[in-house]
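Shown next, in structure tokens, is the structure this report addresses.
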Amino acid sequence: MEKRAQKTIKKVFSIEGIGLHTGQKSKLTFKPSPANSGIIFIRADIPGAEPIKPEIDNLLDITKFPRRTSIGNEHFKIHTIEHLLSALYSMEIDNVFIEIEGDECPGLDGSSRPFVELLKKAGIKNLSSERDIFAVKEPIYVSDNSAHIVALPSDELKISYILDYPNTFLKSQYASYTMNPEIYEKEIAPARTFCLREEVEALKSLGLGKGSNYKNTLVIDNDKGVIENEFRFKDEPVRHKISDLIGDLALFGNYISAHIIGIKSGHSINTKLVRKLKELYNRERVSGIVTPSPSFDAYGVLYTEEISKIIPHRYPFLFVDRIVELTENKAIGIKDVTINEWFFQGHFPGRPVMPGVIVVEAMAQVGGVLMLSKEENRGKMAYFMSIDNVKFRKAVRPGCQLILQVELVKMKSRVARIQGKAFVDGKIVAEAMFMSTIIDS
Ligand code: ZN
């Protein structure tokens, strides 16, 4: 798949509607966001709700919330995001901030087309960073008794799907598309959600489909076909299944280059495939073959899982909890020093003090983040050649919050001079000058 710039929207816009399942009114407000921030939802109607990414780790149990894709945590939920995610993924919107008021995305006409239209109307613009693409390198599959999904290596994202409802009006349908925004908009986005007439009662008794009607959901009667509505395509249902499948793939959080083949597959095995792909992705990234762009959360913070994508250090030798500032020449990291740190066991029982060399190592790790997060240094290693002018000014004890500040003083060929300072409560506790070299790993 071709490398390309990350994208966001040009203008703020909002949309309101009724949720297909809850029947409740909700409102979405889309805002442009910077490169590497990703897609972020926030419940604007819940004070203090933390931002959440529509990613596989935040997926709610499908058996508890069937027939839709929902994300959330113990404080809040956001239901039925699949059509919106499908549109964002296919229109290649990498970064957008979405405020939602309500528990569920508006269902609109039952397809992803209204989202595509709004995104295009708002305008789409390129950002200065490249998007990260995960290429599937070997066949990966998930199968249960009757449904299957396979990911095969491919230079582009291609989706094939087989729908099979024997003895119904729908029969078997097959469709296959190589995805790009134009094909998606024309062939997939207009396809609306559907169900069989005999499923309606069961769905209603589960409390589902409260916002559904014959206009936003194709209800299929076995003899008469679609009730009080008309198909937009003869094979609209299989196209909608492709749209839903893309919505599930979007939970991967990055772009995928693969040929995905779904045979009667639904949210449950689709998301199992996404989990498998994510495991492979993490393994590949951790082993340092490719280092992705660091992704800041809504407040511009990198946490350990992101930091681990940039530098190779791991517990118990990773001494940075988060990076709160990262610019061309400066990085600020934070380490919350707790009594549970392993080094306090022997340094010293009864009077725990953080070893000065570990404070220096923590500064060096923030220096590593500063150097290796740069576009040209991704996937490389930083080795420290020398450390000079080390001064320890105050003891660091359990309960201290270490602020680790590093600044690039000079960069010549592949050698960097970095000034590091560590603070606790605004007072300097240690400082050092580092010389570091970047090498290909
Ligand atoms: Zn759907």
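Predicted model only: the values in this text are computed from it and were never measured. All residue numbers in this chain count up from 1 along the given sequence. Atoms within a ligand are numbered from 1 in the order they appear, just like the ligands themselves.
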*How are the rings of Tyr255 and Tyr89 set to each other: parallel, tilted or perpendicular (split at 30° and 60°)?*
parallel

_Aromatic ring pairing Phe30/Phe115, orientation class (parallel under 30°, perpendicular over 60°, tilted between)_ = tilted

*Protein N/O/S atoms under 2.8 Å of the Zn ion (ligand 1)?*
His83 NE2, His240 NE2, Asp244 OD1, Asp244 OD2

*Any chance CD of Glu305 has more than 12 other-residue heavy atoms, nucleotides or ligands included, within less than 6.0 Å?*
yes

_I'd like to know if the side chain of Asn95 reaches the main chain of Ser37, judged simply by a donor and an acceptor atom lying under 3.5 Å from each other, with no hydrogens or angles considered._
yes

*Please state whether the rings of His79 and Phe65 are parallel, tilted or perpendicular, taking 30° and 60° as the class boundaries.*
tilted

*asked:* How about NZ on Lys137, more than 12 heavy atoms from neighbouring residues, nucleotides or ligands closer than 6.0 Å, or not?
replied: yes

